[in-house]
Amino acid sequence: MKTKSQNNPPVAVVDCNNFYASCERVFNPKLLGKPVVVLSNNDGIIVALSNEAKAVGIKMGDPLFKVQDLVKKHDVNVFSSNYVLYGDISHRIMTTLEQFSPNVEIYSIDEAFISLEGFKRKNLTEYCREIRETVKKWIGIPVSVGIAETKTLSKIANRIAKKNPKYDGVLNIYGIAQNEIDEYLKITDVSDVWGVGHQYTKLLKKNNINTAYDLTKANDKWVKNNMTVMGLRTVYELRGIPCVSLESAVPDKKAIICSRSFGRYVETIEEIKESVSLFTTRAAEKMRSQNSACRLLTVFLRTNPFKKTPQYHNGVLVHLPVPSDSTTEMISYAMKGVEQIFRKGYLYQKVGVMLTGFEPVDRSQLGLFDSEDRIKMAKVTETMDRLNLEFGSRTLFYASSGIKRSWGTKSDMKSPQYTTDWENLPEVSA
DNA sequence: TCTGGGGTCCTAGGACCC
DNA sequence: TCTGGGGTCCTAGGACCC
């Protein structure tokens with residue numbers, strides 16, 4: 001049985017408020033105080049909203065077409081997602097955080113855990129206020145900070161700091177009395193605990209576990225049986241026992257996926273092949289950037305499960321005879337995969353490629369064990385990667401990926417790439 | 001007309017081996 | 001009559017995260 005120790009170092013989670021919506025505002029101050037929403041790929045669902053948009057009743061995950069009335073009525077500003085912009089702003093924020101702690105874990109595009117080992121409780125709050133103000137001043141993005149003894153508790157503090165204006169964006173529950181922590185846990189619904197999703201919420205509520213506090217009192221054995229060791233870890237963390245450590249080194253990916261919904265339905269194998277070829281190219285680029293080669297490639301496709309038209313979904317796992325990082329070679333296997341699973345007569349909505357079974361690439365060995373051909377392929381690939389990096393990802397591409405790509409993703413309301421494209425530098429008015 | 005994309009971890013169960 | 005048991009590897013599926 002694990003017990004709580006006295007001196008866990010404080011951990012803070014810094015989380016950007018309504019990140020994508022806030023990014024759109026950075027270069028467009030007219031949007032301040034106005035409702036803003038940002039759409040997923042293909043302009044499908046809402047993935048980020050400003051507080052004003054939440055206030056008129058729009059929710060995360062709503063399909064755009066279902067909230068069109070609200071959008072019109074309240075004059076909501078709608079944007080297609082602009083990942084290049086968000087990624088660049090994210091990078092600036094993370095760099096800023098690294099000036100405040102030597103130990104930063106970039107957890108997602110809009111969130112980081114930072115270790116504040118060595119700080120006294122009293123100074124922690126002030127320090128985190130300074131972080132918050134610096135990010136706002138330098139980058140223009142509002143963030144909230146939660147500080148606690150474990151990551152899971154820091155997420156709870158963060159959430160309360162964000163929701164309740166009286167905390168002004170920073171809540172520090174590190175080192176306070178247990179009965180005070182309990183008060184915060186009692187006002188946190190169990191569904192808002194990090195690690196508790198839809199399914200577990202249903203199960204927990206059925207068993208009369210309604211708040212984060214209730215969950216700390218749950219029976220360990222029951223939790224492990226019903227929620228695996230992951231669930232048990234969450235319970236310990238809520239009790240103040242750290243089980244999830246801070247990981248500042250970025251681990252290599254164990255899987256790389258590239259998949260997309262089409263901008264319209266696709267019926268022909270030729271167009272499916274074009275898209276799979278393009279997605280294989282993208283996935284292979286990502287894989288090479290971490291110097292991996294893969295043994296396994298999965299191709300999958302599916303119709304639209306929301307439609308009443310005939311449904312079909314399938315995937316195939318292709319084993320490569322030799323681990324490969326060559327786009328040319330991977331495309332040829334992916335095409336064989338498509339031929340295996342494609343069926344005529346369906347309206348396809350989405351396809352994707354997943355790479356797994358990674359091994360480190362060691363080019364020096366290529367010549368020893370493999371044909372001359374492979375070395376040549378590697379050179380072509382390297383050249384393409386370099387040119388595409390330098391001149392943009394569409395400089396050189398495989399003809400098999402299609403040229404017109406009329407099946408491509410919809411993105412009709414995209415903001416300019418203010419920070420990464422000279423053509424789009426914002427104008428300064430005198 | 002219109003419902004995202006990219007990841008992680010854990011577990012059960014089958015195949016295979018001795 | 002009676003059909004082991006333990007270990008490992010792999011995969012599919014289900015849960016979660018943002």
Side-chain angles (χ1 to χ4, degrees), chain A residues 13 15-20 37-48 59-69 71 78 80-83 86-87 90 105-113 151-152 155 158-159 190-204 223-234 243-244 247 250-265 279 282-283 286-287 290 295-296 298 300 302-309 313-319 347 349-358 409-413:
Chain A
V13 62
D15 191 305
C16 302
N17 301 350
N18 315 321
F19 183 56
Y20 297 169
V37 300
V38 177
L39 306 174
S40 65
N41 259 325
N42 235 15
D43 294 343
I45 62 172
I46 296 189
V47 294
K59 288 191 300 294
M60 178 90 88
D62 283 341
L64 177 63
F65 73 92
K66 283 195 177 165
V67 293
Q68 273 305 358
D69 289 351
V71 167
V78 179
S80 302
S81 40
N82 186 343
Y83 293 110
Y86 311 150
S90 171
E105 175 187 351
I106 299 172
Y107 179 67
S108 72
I109 192 164
D110 70 340
E111 201 175 321
F113 291 101
K151 282 179 164 181
T152 306
K155 296 273 283 182
N158 185 292
R159 192 171 164 282
V190 77
S191 64
D192 292 319
V193 173
W194 192 44
V196 177
H198 269 98
Q199 299 305 315
Y200 287 161
T201 298
K202 259 194 276 175
L203 174 77
L204 291 167
V223 170
K224 194 180 170 205
N225 285 339
N226 289 279
M227 302 169 69
T228 81
V229 297
M230 300 292 282
L232 193 55
R233 238 172 260 173
T234 297
C243 296
V244 187
E247 310 284 347
V250 183
D252 278 353
K253 303 252 179 284
K254 294 172 179 171
I256 289 171
I257 299 170
C258 186
S259 77
R260 217 79 75 202
S261 299
F262 297 120
R264 58 161 167 87
Y265 292 113
F279 301 161
R282 292 276 169 275
K286 274 190 235 173
M287 185 177 71
Q290 66 172 35
R295 282 183 292 111
L296 302 169
T298 306
F300 55 91
R302 65 150 219 239
T303 52
N304 184 346
F306 293 97
K307 292 275 276 190
K308 292 202 172 69
T309 47
H313 66 98
N314 205 352
V316 59
L317 180 68
V318 184
H319 291 250
L347 298 172
Q349 187 225 8
K350 181 176 183 171
V351 302
V353 175
M354 175 162 75
L355 311 181
T356 47
F358 292 147
T409 302
K410 241 187 331 191
S411 177
D412 295 334
M413 293 157 278

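All values reported here derive from a predicted model rather than from experimental measurement.
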Inset, instruction - Evaluate the ring planes of A/Tyr20 and A/Tyr86, with Trp represented by its six-membered ring, and classify them as parallel (under 30°), tilted (30 to 60°) or perpendicular (over 60°). - result: parallel
Inset, instruction - Provide the closest heavy-atom pair for A/Ser261 versus A/Asn42 in the form atom of the first, atom of the second, distance. - result: CB-ND2, 3.4 Å
Inset, instruction - To the nearest Å, give me how far apart CD (A/Glu247) and P (B/dT8) are. - result: 13 Å
Legend entry - Closest-nucleotide 5' rank along DNA chain B - winner of A/Gly61 and A/Val229: A/Gly61
Inset, instruction - Check every strand shown and say whether A/Arg264 touches a base, only sugar-phosphate, or nothing at a heavy-atom separation below 4.0 Å. - result: nothing
Inset, instruction - Among the candidates C/dC18, C/dC16, B/dG4, find the nucleotide nearest to the side-chain atoms of A/Tyr107. - result: C/dC18
Inset, instruction - Select one nucleotide: of C/dC18, B/dT3, B/dC10, the one nearest the side-chain heavy atoms of A/Thr228. - result: B/dC10
Inset, instruction - May I ask you to verify if any side-chain N or O of A/Ser108 is less than 4.0 angstrom from the OP1 or OP2 atom of C/dC17? - result: no
Inset, instruction - Looking only at side-chain atoms of A/Ser259, point me to the closest of C/dC18, B/dC9, B/dG5. - result: B/dG5
Inset, instruction - Establish, with yes or no, whether the OP1 or OP2 oxygen of B/dG5 is under 4.0 angstrom from a side-chain nitrogen or oxygen of A/Ser261. - result: yes
Inset, instruction - For A/Asp43, answer base if it contacts any base atom (sugar-phosphate contacts may also be present), sugar-phosphate if it contacts only those atoms, and nothing otherwise; contact means non-hydrogen atoms under 4.0 Å. - result: nothing
Inset, instruction - Among C/dT11, B/dG7, B/dT3, find the nucleotide with the atom closest to the side chain of A/His319. - result: C/dT11
Inset, instruction - Let me know the distance between CG of A/Leu296 and P of C/dT11, rounded to the nearest Å. - result: 6 Å
Inset, instruction - May I ask you to decide if A/Val353's main-chain N or O and A/Ser259's side chain share a donor-acceptor pair within less than 3.5 Å? - result: no
Inset, instruction - Could you tell me which non-hydrogen atom of A/Val196 sits nearest to which non-hydrogen atom of A/Tyr200, and how far apart they are? - result: CG1-CB, 4.0 Å
Inset, instruction - Round to a whole Å and report the spacing from CE of A/Met227 to P of B/dC9. - result: 18 Å
Inset, instruction - For the side chain of A/Arg233, starting at C-beta, report the closest nucleotide among B/dT3, B/dC10, B/dG5. - result: B/dC10
Inset, instruction - Would you mind telling me which residue lines up with the more 5' stretch of DNA chain B, A/Leu64 or A/Ala255, judged by nearest nucleotide? - result: A/Leu64
Inset, instruction - Provide the closest heavy-atom pair for A/Leu347 versus A/Thr303 in the form atom of the first, atom of the second, distance. - result: O-CG2, 3.3 Å
Inset, instruction - Measure from NZ on A/Lys254 to C1' on C/dC17 and round the result to the nearest Å. - result: 15 Å
Legend entry - A/Tyr200, nearest nucleotide to its side chain (from B/dG5, B/dC2, C/dC16): C/dC16
Inset, instruction - Using the P atom on both, measure B/dT3 against C/dC18 and round to a whole Å. - result: 25 Å
Legend entry - Presence of A/Asn42 side-chain N/O under 4.0 Å of B/dT3 phosphate oxygens OP1/OP2: no
Inset, instruction - Would you mind classifying the nucleic acid contact of A/Phe279 as base, sugar-phosphate or nothing, using non-hydrogen atoms under 4.0 angstrom? - result: nothing
Inset, instruction - Give a yes/no on whether any side-chain N or O of A/Lys307 is located under 4.0 angstrom from OP1 or OP2 of B/dC2. - result: yes
Inset, instruction - Starting from P on B/dC2, measure out to NZ on A/Lys410 and report it in whole angstrom. - result: 8 Å
Inset, instruction - Using a 4.0 Å heavy-atom cut-off across all strands, classify A/Asp62 as base, sugar-phosphate, or nothing. - result: nothing
Inset, instruction - Round to a whole Å and report the spacing from CG of A/Leu355 to P of B/dG7. - result: 9 Å
Legend entry - For B/dC18, the Watson-Crick or wobble partner whose two distances fall under 3.5 Å: C/dG5
Inset, instruction - Determine: side-chain N/O of A/Tyr20 to OP1/OP2 of B/dG4, distance under 4.0 Å, yes or no. - result: no
Legend entry - Separation of atom CG in A/Asn304 from atom C1' in B/dT1, rounded to whole Å: 12 Å
Inset, instruction - May I ask you to say whether A/Lys151 pairs ionically with A/Glu247, meaning some side-chain N is under 4.0 Å from a carboxylate O? - result: no
Inset, instruction - Kindly point out which of B/dT3, B/dG5, B/dG7 is positioned nearest to the side chain of A/Ile257? - result: B/dG7
Inset, instruction - Give A/Val193 one of three labels, base, sugar-phosphate or nothing, depending on what nucleic acid heavy atoms sit under 4.0 Å from its own. - result: sugar-phosphate
Legend entry - Short side-chain N/O contact from A/Gln349 to OP1 or OP2 of B/dG4, under 4.0 Å: yes
Legend entry - Residue A/Lys253, side-chain heavy atoms: nucleotide from B/dT3, C/dC18, B/dG7 that is nearest: B/dG7
Inset, instruction - Respond yes when some side-chain nitrogen or oxygen of A/Lys155 is under 4.0 Å from OP1 or OP2 of C/dC17, and no when none is. - result: no
Inset, instruction - For A/Glu111, answer base if it contacts any base atom (sugar-phosphate contacts may also be present), sugar-phosphate if it contacts only those atoms, and nothing otherwise; contact means non-hydrogen atoms under 4.0 Å. - result: sugar-phosphate
Inset, instruction - Decide if atom NZ of A/Lys286 counts as having more than 12 heavy atoms of other residues, nucleotides or ligands within a radius under 6.0 Å. - result: yes
Inset, instruction - May I ask you to say what A/Lys350 touches in the nucleic acid, namely base, sugar-phosphate or nothing, with a heavy-atom cut-off under 4.0 Å? - result: sugar-phosphate
Inset, instruction - Please state how far atom CG in A/Asn225 lies from atom C1' in B/dT11, giving the value in whole angstrom units. - result: 13 Å
Legend entry - Phosphate contact (B/dG7 OP1 or OP2) by A/Lys286 side-chain N/O below 4.0 Å: yes
Legend entry - Over all atoms of both residues, closest heavy-atom pair of A/Asp43 and A/Met413: OD2-CE, 3.6 Å
Inset, instruction - Pick base, sugar-phosphate or nothing for A/Ile109, based on heavy-atom distances below 4.0 Å to the nucleic acid. - result: nothing
